[in-house]
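Here's the structure we're looking at; comments come further down.
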Protein chains: 2
Amino acid sequence: MTAAADRTFSISELAQEFDVTTRAIRFYESEGLLTPERQGQRRIYSRRDRVRLMLTLRGKRIGLSLLEIRELFELYDAANNDEPQLTKFVDILSRREQQLTQQMQDIQLVLREIGQLKAQCEHWMEKRSGGLPE
Amino acid sequence: MTAAADRTFSISELAQEFDVTTRAIRFYESEGLLTPERQGQRRIYSRRDRVRLMLTLRGKRIGLSLLEIRELFELYDAANNDEPQLTKFVDILSRREQQLTQQMQDIQLVLREIGQLKAQCEHWMEKRSGGLPE
DNA sequence: GTTCCAGTTTACGTTAACGTAATCTATGCT
DNA sequence: AGCATAGATTACGTTAACGTAAACTGGAAC
């Protein structure tokens with residue numbers, strides 16, 4: 001293990017790396033998604049915070065709300081401990097699994113349509129480029 | 001061709017069929033996604049309107065905004081006519097294709113993680129059920 | 001010391017996509 | 001005629017996820 005394992009990040013470093021505003025990052029904290037340390041009043045982000053930010057953005061990309069993302073974090077953290085939580089956890093996961101599978105099917109459909117449309121367009125354009133002048 | 005080809009629908013029929021409120025349907029019209037006829041003041045929806053409603057809902061499921069959906073409708077309608085539009089059309093399609101592909105990858109990642117988590121949970125629960133009593 | 005600069009707090013503004021009344025209209029039924 | 005029912009219009013309310021602006025802080029550079 002090298003010495004770089006405990007690297008920390010400033011808010012603007014993270015903002016740059018993930019292409020979000022500092023405002024957004026602070027907002028995520030206010031919503032309980034990040035919990036950076038403080039050095040005086042400045043926020044210091046650990047690797048864990050960085051990972052959570054990544055996961056947050058990925059969650060957003062697949063259509064989760066910040067609240068849902070937070071719930072998943074909490075459940076994930078609690079999953080080692082509590083027993084009755086486990087059933088609830090699996091429940092939520094299954095539901096989300098369902099939705100995502102549906103979403104993938106929708107996307108595949110649209111992708112197929114897009115492919116066809118693009119092919120048609122290119123076909124038309126070829127015909128035109130060899131067609132009659134004005 | 002049978003006589004049923006020109007069937008029309010009332011707003012609540014569509015609302016029921018697709019499980020949306022009439023308010024939403026009227027809103028989609030106000031956003032230019034639907035263009036039902038009128039019989040007096042009542043809206044009469046054609047098969048075309050019904051299809052557009054379907055497409056609208058599908059678009060929403062994959063994360064398109066109503067505005068984007070409308071633009072796609074317009075471009076699709078104009079695609080037969082205009083020539084310089086075609087390039088723009090293909091552009092938009094390609095961009096969306098990109099995003100959707102990325103989205104699918106994200107989803108696949110999450111689905112894999114979900115699968116692993118579920119397996120782990122079930123594993124834990126089995127162990128507990130056969131474990132030491134209170 | 002002052003001038004940057006990144007960072008902080010506070011607070012009001014904004015957009016999308018409807019929800020939720022409240023009020024009005026048309027029509028078929030009894 | 002009277003009533004229920006579906007639909008229409010108008011308008012204000014709501015939520016999520018930040019944007020934007022203003023005013024303050026604390027250290028670094030000159």
Side-chain angles (χ1 to χ4, degrees), chain A residues 7-46 49-50 52-74 92 96 99 103 106, chain B residues 7-46 49-50 52-74 92 96 99 103 106:
Chain A
R7 228 204 108 178
T8 64
F9 309 86
S10 76
I11 193 168
S12 47
E13 275 177 331
L14 290 185
Q16 266 211 303
E17 178 173 0
F18 294 106
D19 194 34
V20 293
T21 65
T22 59
R23 173 69 176 94
I25 295 181
R26 291 194 200 97
F27 182 71
Y28 297 155
E29 179 182 349
S30 79
E31 296 296 294
L33 295 169
L34 304 175
T35 50
E37 310 261 294
R38 295 294 181 120
Q39 197 170 91
Q41 85 174 341
R42 303 216 146 154
R43 292 167 170 85
I44 306 292
Y45 296 88
S46 66
D49 291 315
R50 186 166 161 275
R52 294 235 150 168
L53 180 53
M54 266 184 51
L55 293 176
T56 298
L57 297 176
R58 186 197 290 168
K60 286 200 52 174
R61 280 206 301 274
I62 63 170
L64 297 180
S65 72
L66 296 184
L67 180 60
E68 289 173 316
I69 294 170
R70 177 183 163 178
E71 281 174 7
L72 283 180
F73 282 171
E74 285 169 358
I92 294 193
R96 181 59 59 186
Q99 291 179 29
Q103 218 175 324
D106 288 339
Chain B
R7 229 206 109 178
T8 64
F9 308 86
S10 76
I11 192 168
S12 48
E13 274 176 330
L14 291 186
Q16 265 209 305
E17 179 174 0
F18 294 106
D19 194 33
V20 292
T21 65
T22 59
R23 173 70 176 96
I25 294 181
R26 290 195 199 96
F27 182 70
Y28 296 155
E29 179 181 348
S30 79
E31 296 296 295
L33 294 170
L34 304 174
T35 50
E37 311 260 293
R38 295 292 180 119
Q39 196 170 91
Q41 84 172 341
R42 301 215 148 153
R43 292 168 170 84
I44 306 293
Y45 295 89
S46 66
D49 291 315
R50 185 166 161 275
R52 294 235 150 168
L53 179 53
M54 265 184 49
L55 293 176
T56 299
L57 298 176
R58 187 197 289 168
K60 287 199 51 174
R61 280 206 300 274
I62 63 170
L64 296 180
S65 72
L66 296 184
L67 180 59
E68 289 172 317
I69 294 170
R70 177 182 163 179
E71 282 175 6
L72 283 180
F73 283 170
E74 285 169 358
I92 294 194
R96 178 61 59 185
Q99 291 179 28
Q103 218 175 326
D106 287 340

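All values below come from the heavy atoms of this structure, side chains included, with hydrogens, waters and symmetry mates left out. In this text, all values refer to a predicted model and were calculated from it rather than measured experimentally.
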Atom-to-atom span, [atom1] of [X] to [atom2] of [N] - whole angstrom:
| X | N | atom1 | atom2 | answer |
| --- | --- | --- | --- | --- |
| B:F27 | C:dA21 | CZ | P | 19 Å |
| B:E37 | D:dG7 | CD | P | 17 Å |
| A:L34 | C:dT8 | CG | P | 12 Å |
| B:Y45 | D:dA6 | OH | P | 16 Å |
| B:Q39 | C:dG28 | CD | C1' | 14 Å |
| A:Q41 | D:dA23 | CD | C1' | 13 Å |
| A:I11 | D:dG26 | CD1 | P | 18 Å |
| A:E29 | C:dG7 | CD | C1' | 13 Å |

[N] phosphate, OP1 or OP2, under 4.0 Å from [X] side-chain N/O:
| X | N | answer |
| --- | --- | --- |
| B:Y28 | C:dA17 | no |
| B:K60 | C:dA16 | no |
| A:S12 | C:dG7 | yes |
| B:R43 | D:dT9 | yes |
| A:R38 | C:dT9 | yes |
| B:T21 | C:dC18 | no |
| A:T22 | C:dG7 | no |
| A:R26 | C:dT8 | yes |

Handout entry: Note, B:Q16 side chain near B:F9 side chain (heavy atom, < 4.5 Å)
Key =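 Contact flag for B:Q16/B:F9 side chains = no.
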Handout entry: Within-4.5 Å side-chain heavy-atom neighbours: B:T56 and B:F73
Key =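 Yes, their side chains come closer than 4.5 Å.
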Practice task
Please check if atom CD in A:E17 has more than 12 non-hydrogen atoms from other residues, nucleotides or ligands closer than 6.0 Å.
Solution key: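 More than 12 within 6.0 Å, yes.
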Practice task
Determine whether more than 12 heavy atoms belonging to other residues, nucleotides or ligands lie under 6.0 Å from atom CD of B:E37.
Solution key: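 Atom CD in B:E37 is not packed in, count stays at 12 or less.
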Practice task
Would you indicate which nucleotide in C:dT8, C:dC18, D:dC18 comes nearest to any side-chain atom of B:A24?
Solution key: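 Per side-chain heavy atoms of B:A24, the pick is C:dC18.
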Handout entry: Listed nucleotide nearest any side-chain atom of A:R42, set C:dT25, C:dA17, C:dG7
Key =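 Shortest atom-to-atom distance from the side chain points to C:dG7.
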Exercise for the section: Give a yes or no on whether a salt bridge exists between B:K60 and B:E31, defined as a side-chain N under 4.0 angstrom from a carboxylate O. Expected result: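 Here B:K60 does not pair with B:E31 in a salt bridge, since their nearest N and O are not under 4.0 Å apart.
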Practice task
Using the closest heavy atom to pick a nucleotide of DNA chain D for each, name whichever of A:R23 or A:E31 lands nearer the 5' end.
Solution key: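 Checking each residue's closest nucleotide, the 5'-ward one belongs to A:E31.
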